[in-house]
Amino acid sequence: MTRAAAVVGAGQTVHADRRTDVSVPELAREAARRALEDAGIRARDVDAVVFGSGPESWEGVNRPEGWIGPALGVPGKPILRVHTGGTTGAAATIAAFYHVTSGMFDVVLAVACDKPSERVAGGLPDDEAGAGFTLDTRELAAMQARQYIDRHYPEVREEHGAMVVAKNRGNAAKNPFAQVRTPVAAKDVMASPPVATPLKELDCPPLADGAAALVIADERRARKIASRPAWFAGLGTCSAGAFMPDFDMAYPEPCVRAAQIAYQMAWIYEPLRELDLVEVYDAFSFQELIWTEALGFCNPGEGGKMVEQGITAMDGEFPVNPSGGILSANPGGAGAMLRQLEAALQVMGRAGEHQVPGVKKAMAHSWGGALQFSTVTIFSHRM
Amino acid sequence: MTRAAAVVGAGQTVHADRRTDVSVPELAREAARRALEDAGIRARDVDAVVFGSGPESWEGVNRPEGWIGPALGVPGKPILRVHTGGTTGAAATIAAFYHVTSGMFDVVLAVACDKPSERVAGGLPDDEAGAGFTLDTRELAAMQARQYIDRHYPEVREEHGAMVVAKNRGNAAKNPFAQVRTPVAAKDVMASPPVATPLKELDCPPLADGAAALVIADERRARKIASRPAWFAGLGTCSAGAFMPDFDMAYPEPCVRAAQIAYQMAWIYEPLRELDLVEVYDAFSFQELIWTEALGFCNPGEGGKMVEQGITAMDGEFPVNPSGGILSANPGGAGAMLRQLEAALQVMGRAGEHQVPGVKKAMAHSWGGALQFSTVTIFSHRM
Amino acid sequence: MPGKSGIQSGGSQGVGVEGELSIPYRHAAGRHAERFSREMRDNRRIMGVRCSRCEAVLLPPRPYCGFCFEPATEWVEVADEGELVTFTSVQGDPDAAVFEEPRIRALIMLDGAGVHFPHVLGEVAPDDVSEGMRVKAVWSEDRNGTLSDIKYFRPI
Amino acid sequence: MPGKSGIQSGGSQGVGVEGELSIPYRHAAGRHAERFSREMRDNRRIMGVRCSRCEAVLLPPRPYCGFCFEPATEWVEVADEGELVTFTSVQGDPDAAVFEEPRIRALIMLDGAGVHFPHVLGEVAPDDVSEGMRVKAVWSEDRNGTLSDIKYFRPI
Ligand SMILES: [Zn+2]
Ligand SMILES: [Zn+2]
């Protein structure tokens, strides 16, 4: 039996191509301060901090854990730096949840920050262990998209990826923190230059400097701090290996398993009916469709229909990424925490212009590595 | 109120100047396999893994979290990579404790691995944020030693550092996993060449490739797995900032605070009487004396007397580092976990030739960063 | 200290610290990786290992199976030909430099292997590539024990 | 991909993968760091900031106090002289290369500052250095906004 915990405050920076006005700790502090203000507490009320950021090879920053503490205003409190590829931000939240539910801490601040603009050149690095066996993220996503389309053609076609982009960019127009807020039409996506077939330029995400922060509290403190906390109802984490036999990129097992674990914990049997919306880690357009299927919101191959029929639109039966998703703001490891932040705000009824009416349960998803990391977080308006 | 948890299995590699026969995941696996065998469980019995290793700038390894999973035999289970400077290995254990006490997992494997031999050149990197304000670790330790000696002279003299080295190297002769097992006399230490005054060559640690692993279980599983588990009785973590006003290197507040937090949790009022031994992170000789004081085992300035009178010898009233400590084996971030591993084995009565008789409560300490990280872990033979 | 750095004035945009984090390394790849490398270089053979429990043939070879935590010590030669699993035609590198001609990245299930093998295709136009086609390695004369000992895979 | 690598045969010792992880970067240091840097370079002044709550004068300057989480926006000039807090005479670098003559690393509490300032000492032999002595900055004519704009601190 696990102690109850909830998100009681949330903050994020604007996600911009490049923030030259602030250093990494200053960027992290922006989000942290907003989260604390949002919760209405002071830094000294925080009992511990979990900090997630990219590896050196991602942003050229040396051991940020050594100097991030003062920026977050928590001298003398425990700070844990975590990293799990693209799921880093979500892992920070989940580790903060463990901190609180262990009974050791009442209020924990989870912060995720990435400033990829500061690495001047170079793609994602080699896997030194694999002697060249690793694909870069874009190649991986392109192959994943091809396998997915080929398996389900003509139910899924290239146009469905373009529809996802059009939908999410449209949603982002209502999100003041998004990086890319200009709407595009599906036909613009189709007409954009190919980068790695079948992915075209507009199927791929931007890259942003940005940070996010969540205040997580135990039951007693959560009730005091927030009138409507976003309670953690289900959590699932799955880390598969790299170089796996029988790995199916078009229906990735780590995602399926993470969802199963979270549904079991949250007593959810019919995700589409029992949840009100989902924020998925749509790093590439087709992935939104793949995750929608792997998370159990429709059958394999029905992802295209979900977007084409407007089911996943902001005003549809089951909104997917009302915030605009990663396709509209991609601040590295902070992106995974943003999914949780947006899902929590929806449950708290404070998502702003992109609030979906009447949300009671919302889910956040993230993936990382060579698709081997997956996290699922379910928030509920009730404990 | 926190759920009970215990260490029920422990494994480490031999710590060697350079392990060319194994890759990083293979090295980590050696320790993990030994810990699982020690606990008498299989990899599939593990519910989650916490992995600690150095940053890229420490060992030139890219995002090990991406490919360490299969080496640890846990596909499909959560893997969290953590990093907190020199305390990384201890932070992995502590995060594993949170995993278990959260009620989300019953058996968690904590693994720490460092292979600093693989970085060909270069000292510890710059703090990019501080524009050159950071000292390297050896300069820091040298200044710390000088402040400490100057404050307490003549009760503490250079000879006391040499006595620590002689004691710990003597202890290491009984530890088959240690890196440096040849005894040295205090006069050899005094005669060794100066490197950063007052530190001489033999006051400084070696550098090793090595790994450590602990199996941590909740109360029910711990009782099934081990006849005499090492129960977590107290835990304290403190992360101060860098560039702090009034920071006292000779009596570092993060260490004092971490100990206070752990003593409070473990209901310990007289550490010297109530604990049976301590494993401290003696990265440099004088630090053992400083930690002995800051952890409350004697008054400030009495550290020299503790080693000179044989109180901290393996057969003394209060053994410090019966394993030989960091001065005898220094595998980067794994070193902090080794302190916990040795303390846990002492409580379990399975430390081998360097077992101290009748240990009921033992403590492990670590420090990291620019002295800003500190952890304290207290194990007890009783829940 | 590794790398070098220097303060660059950024005017109203704030100061920039420019530099390079340079980390020379020499990783031990382990003994299984060594044999894999040597067989590629000296014998133009792609060697995997079979797990003693689940019997999957693993690439790259490792002394253990990550799925069973069991030793994987039986060496198995896999073919240098197999079936194209999937591919992508890449127009440029992630930093937006455009290649002279598209590079066709591919995952190949080599005959006898249990894990996809990543490489590039050659002697074929992107439009003529299709999933499921048979491909075979074209070895380089100048080999050093890495995957680039194979120049590319060509359709057969 | 950043850096370069190649397999080196290691004989019975296992194969080694040698290379270099090269990460060029350009960090934004933030506006406080910019002013600190500019004042050093253009005016030979060391500027700190005072916390609005605890009143500590912080170095390096940051827009916030890490102890109070409060803004630190009041700029304060600290002296370029102060008291030697502690020091070490370093014989070589951590990779064991020996310096021609020992380098005296020092922590200095500049007059008016609340945090130690790290630098090196000059015009003094290691044996003549003692804690508590007064020292003063010797500025370089060739300044670029880093701590090396001060050549060293000398006893006064
Ligand atoms: Zn197997
Ligand atoms: Zn203050």
Side-chain angles (χ1 to χ4, degrees), chain B residues 18-23 26 56-57 59-62 118-124 126-151 193-201 204 207 240-250 370 372, chain D residues 2-3 10-21 23 25 27 29-30 33 36-37 40 51 54 56-60 62 65-67 85-96 98 102-107 113-119 126-127 129-132 145-148:
Chain B
R18 184 158 189 221
R19 284 288 301 272
T20 55
D21 58 327
V22 288
S23 66
E26 290 169 15
E56 277 79 348
S57 51
E59 50 187 19
V61 169
N62 278 323
E118 306 210 326
R119 190 198 48 189
V120 173
L124 283 173
D126 279 310
D127 168 8
E128 297 305 331
F133 271 73
T134 308
L135 302 169
D136 78 32
T137 304
R138 210 181 47 180
E139 290 169 351
L140 185 79
M143 292 182 183
Q144 184 187 27
R146 184 179 301 280
Q147 281 207 306
Y148 174 63
I149 295 172
D150 282 6
R151 182 174 307 167
V195 294
T197 59
L199 299 178
K200 295 161 290 295
E201 198 172 287
C204 301
L207 201 54
F243 323 124
M244 287 175 291
D246 308 319
F247 190 76
D248 182 353
M249 294 197 292
Q372 74 261 49
Chain D
S12 64
Q13 294 302 300
V15 72
V17 183
E18 301 212 4
E20 188 175 335
L21 188 61
I23 309 167
Y25 61 76
H27 295 299
F36 175 78
S37 180
M40 292 271 290
C51 169
C54 73
V57 174
L58 305 169
L59 286 172
R62 302 288 176 85
C65 172
F67 312 95
V85 176
T86 188
F87 69 99
T88 178
S89 170
V90 183
Q91 313 296 311
D93 71 28
D95 288 315
V98 176
R103 198 165 74 114
I104 308 174
R105 282 285 268 159
L107 288 183
V115 183
H116 300 156
F117 191 86
H119 219 279
D127 287 347
V129 179
S130 61
E131 299 186 359
T146 68
L147 290 201
S148 62

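Letters go in sequence order (proteins before strands), and every chain restarts at 1.
- Heavy atoms of D:L58 lying under 4.5 Å from chain B belong exclusively to its side chain.
- Note: B:M143 CE to D:E131 CD = 10.0 Å, rounded to the nearest 0.5 Å.
- With sequence neighbours excluded, no residue satisfies salt bridge (Lys or Arg N to Asp or Glu O under 4.0 Å) with B:R18.
- Heavy atoms only, all atoms of each residue included: B:L135 and D:P118 are closest at CD2-CB, 4.1 Å.
- Proximity of a side-chain donor or acceptor of B:T197 to a complementary backbone N or O of D:S89 within less than 3.5 Å is detected.
- Proximity to chain B (any heavy atom under 4.5 Å) is shown, for D:V85, by both the backbone and the side chain.
- Closest of all the heavy-atom pairs between D:T88 and B:A196 is OG1-C, 3.1 Å.
- Annotation: the span from B:E139 atom CD to D:T86 atom OG1 amounts to 11.5 Å, rounded to 0.5 Å.
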Pair D:L107, B:M249 - check side-chain contact (heavy atoms from CB on, under 4.5 Å), show working.
CA-CA 12 Å; D:L107 288 183; B:M249 294 197 292; 4.0 Å; yes
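- Evaluation of the side chain to side chain donor-acceptor pair (under 3.5 Å) rule for B:D248 yields B:R151 as partners, not counting sequence neighbours.
- No part of D:A113 comes within reach of chain B, as not one of its non-hydrogen atoms sits under 4.5 angstrom from that chain.
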